Amino acid sequence: MAQIKTQLLTASDKDICTAGELLQRGEVVAIPTETVYGLAADAFDPQAVIKIFEAKGRPADNPLIVHIAAIEDWEPLVTAIPPKARALADAFWPQALTIILPASERVPQVVTGGLSTVAVRFPAHPVAQAVIRAAKCPLAAPSANRSGSPSPTTAQRVAEDMDGRIAAIVDGGASDVGVESTVIDMSTDVPRLLRPGGITPAQLQSVIGDMVIDPAVTAALQEGQVAASPGMKYKHYAPRAKVVLVEGSPAAFAAFVNAQQHLHPTALCFDGEQTALSVPYITYGKRDDPAAQAHKLFDALRQLDDSGAQLVYAACPSADGVGLAVYNRLLRAAGFEVIHLD
Ligand code: TXA
Ligand code: MG
């Protein structure tokens, strides 16, 4: 694609106004959110949305999330809002939760990837909200990485992937949560969790009761199986290095990794557990702190690439609470390759 000049904008009122004008003109602008950075365009402008797919190299059948800055802006996007979906929005918006419902006719096909449903999110980040208001339209926005790479959690990481490909990047500091939003499908009889994220299954169940966790959250799709969420069929969150997830106690992990020194691996380990390792390492939060792991994971994966690592042994996180999101992303980064020790 042709190179364009990418403006670096701050979160000042003047720069947010500039971002709004660019979006109104049909340009793509990267914006901070509390989960990860997004690559935004006017959700009602198919030509603008196509530019997102081009900038990311994203397959056209992988739908985008539409971002709003007021709950009432949800109504024109969907055919109806059932009581349980409304209850979720009331309980958790604005936060790291994306809700899927049948799409209204106003939502262009290019946004939904041809599906009959649309995913909507009301982000909590004040700069994301300010840009949506300045653009005066809902914004379609996937994570701001090149397709397949770890999602960016800082403006610098967005620039590495997107400089020369989009009109502007708004710098709103490091994303707080660090992994993408929880995605729940409320268009089916029983609600279905398609992607774990900052809002945990227990939090969702406390509001809506029964819920199914889609099998693709923790297992590879089988040959011929249709993905409930198209994004689940693509390789994801992957650094260039080969990643293998290693499950076991701190001592077992260290013994395993140290015994593989001849393969020159790099360890992705928990804070404090590097002292037992005799190979290079990057840490991603304490073993018992899933929120810190989520916050650090994607940047750690990108640091592994910066370091030139070819083979990474990643210490396996617990899949409880927010940990389910961390585990899900690492499983995909590892192409579902897990070694169980102990
Ligand atoms: O936190 C987030 O959700 C970030 C920030 C920027 O808001 N966005 C994000 O978007 O992660 P993206 O496009 O990278 O991931 C959206 C996921 C994809 O796996 C996509 O397939 C799925 O949501 N999705 C979107 N619309 C869907 C729909 N109508 N039905 C099923 N899955 C859908
Ligand atoms: Mg993504």
Side-chain angles (χ1 to χ4, degrees), residues 28-41 43 49 52-53 55-69 77-79 92-104 107-125 127-129 131-132 138-153 158 161 170 172 175-188 191-199 214 216-217 221 226-238 294 298 325 328-329 332-333:
V28 175
V29 176
I31 61 168
T33 87
E34 72 280 17
T35 56
V36 300
Y37 274 68
L39 216 50
V49 173
I52 297 178
F53 284 87
K56 272 187 76 94
R58 181 171 175 117
D61 69 347
N62 194 358
L64 307 182
I65 296 172
V66 179
H67 296 69
I68 55 175
L77 300 171
V78 295
T79 53
F92 298 116
W93 279 356
Q95 254 189 84
L97 178 67
T98 296
I99 303 175
I100 294 176
L101 284 176
S104 77
V107 183
Q109 290 278 309
V110 59
V111 170
T112 63
L115 298 178
S116 60
T117 53
V118 64
V120 179
R121 172 160 118 79
F122 181 173
H125 200 300
V127 177
Q129 293 180 4
V131 175
I132 297 168
L139 298 179
S143 51
N145 50 287
R146 295 288 290 272
S147 207
S149 297
S151 301
T153 54
V158 176
D161 279 21
V170 181
S175 296
D176 191 23
V177 179
V179 292
E180 305 86 348
S181 61
T182 301
V183 178
I184 185 161
D185 189 351
M186 297 300 292
S187 73
T188 48
R192 179 173 284 259
L193 179 73
L194 299 184
R195 181 177 72 182
I199 303 293
D214 195 276
V217 167
L221 282 173
V226 177
S229 177
M232 289 197 251
K233 68 177 185 245
Y234 298 108
K235 188 167 161 72
H236 240 111
Y237 316 116
F298 284 142
N328 165 273
R329 304 310 190 273
R332 285 186 155 63

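Atoms within each ligand, like the ligands themselves, are counted from 1 in listed order. If you read the sequence from its start, that first residue is 1, and numbering goes on from there. The structure presented is a predicted model; accordingly, all values stated were derived computationally and were not measured.
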- Mind checking the OG1-CE spacing from T117 to M186? Nearest 0.5 Å is all I need.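 Nearest 0.5 Å value for the OG1-CE distance: 13.0 Å.
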- Interatomic spacing from CG in L64 to CZ in R121 - rounded to 0.5 Å: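 Answer for the CG-CZ pair, L64 versus R121, is 13.5 Å.
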- Message: Taking a cutoff of less than 4.0 Å between a non-hydrogen atom of the residue and any ligand atom, is I100 in contact with ligand 1?
- Response: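 Distance cut 4.0 Å: I100 passes for ligand 1.
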- Message: Between ligand 1 and A228, can you find any atom pair, the residue atom being a heavy atom, that is separated by under 4.0 Å?
- Response: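 Distance cut 4.0 Å: A228 passes for ligand 1.
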Output the list of atoms in ligand 1 that are nearer than 4.0 Å to some heavy atom of [X], sorted by atom number.
X    : result
H67  : 5 (C), 6 (C), 7 (O)
G38  : 6 (C)
L115 : 28 (C), 29 (N), 30 (N)
I65  : 3 (O), 8 (N), 9 (C), 10 (O), 16 (C)
N62  : 18 (C), 20 (C), 21 (O)
P63  : 20 (C), 21 (O), 24 (N), 25 (C), 26 (N), 27 (C), 28 (C), 33 (C)
T117 : 28 (C), 29 (N), 30 (N)

- Regarding T98 and S181, is there a side-chain donor-to-acceptor distance under 3.5 Å anywhere?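 Note: T98 and S181 side chains meet the donor-acceptor criterion.
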- In terms of side-chain heavy atoms, does R329 have a donor or acceptor partner in S151 at a distance below 3.5 Å?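 Checked: R329/S151 side chains show no N/O donor-acceptor pair below 3.5 Å.
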Considering non-hydrogen atoms only, spot the tightest contact between [X] and [Y] and give its length.
X    : Y   : result
G178 : V36 : O-CG1, 3.7 Å
W93  : I68 : CZ3-CD1, 4.1 Å
I52  : A40 : CD1-C, 4.1 Å

- Please lay out, stage by stage, how S149 and D161 fare under the test side chain to side chain contact (heavy atoms under 4.5 Å, CB included). CA-CA 9 Å; S149 297; D161 279 21; 4.1 Å; yes
- Query: So L97 and T182, side chain to side chain contact (heavy atoms under 4.5 Å, CB included) or not? Walk me through it.
  - Reply: CA-CA 5 Å; L97 178 67; T182 301; 4.0 Å; yes
- Message: I'd like to know: is the Mg ion (ligand 2) within the 2.8 Å range of an N/O/S atom from N145, strictly under that distance?
- Response: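 No, outside the cut-off.
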- Message: Does any N or O of ligand 1 fall below 3.5 Å from an N or O anywhere on K56, backbone included?
- Response: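 Checking ligand 1 against K56, no N or O pair falls under 3.5 Å apart.
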- Query: Counting heavy atoms only, which part of H125 comes closer than 4.0 Å to ligand 1: side chain, backbone, both or neither?
  - Reply: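 None of H125 does.
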- Message: Counting only heavy atoms closer than 4.0 Å, does ligand 1 sit against the backbone of L194, its side chain, both, or neither?
- Response: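 Contact part for L194 vs ligand 1: side chain (C-beta onward).
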- Item | Option set S175, S143, P102, S181, criterion heavy-atom distance to atom 3 (O) of ligand 1, minimum |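 Going through S175, S143, P102, S181 one by one, S181 has the nearest heavy atom to atom 3 (O) of ligand 1.
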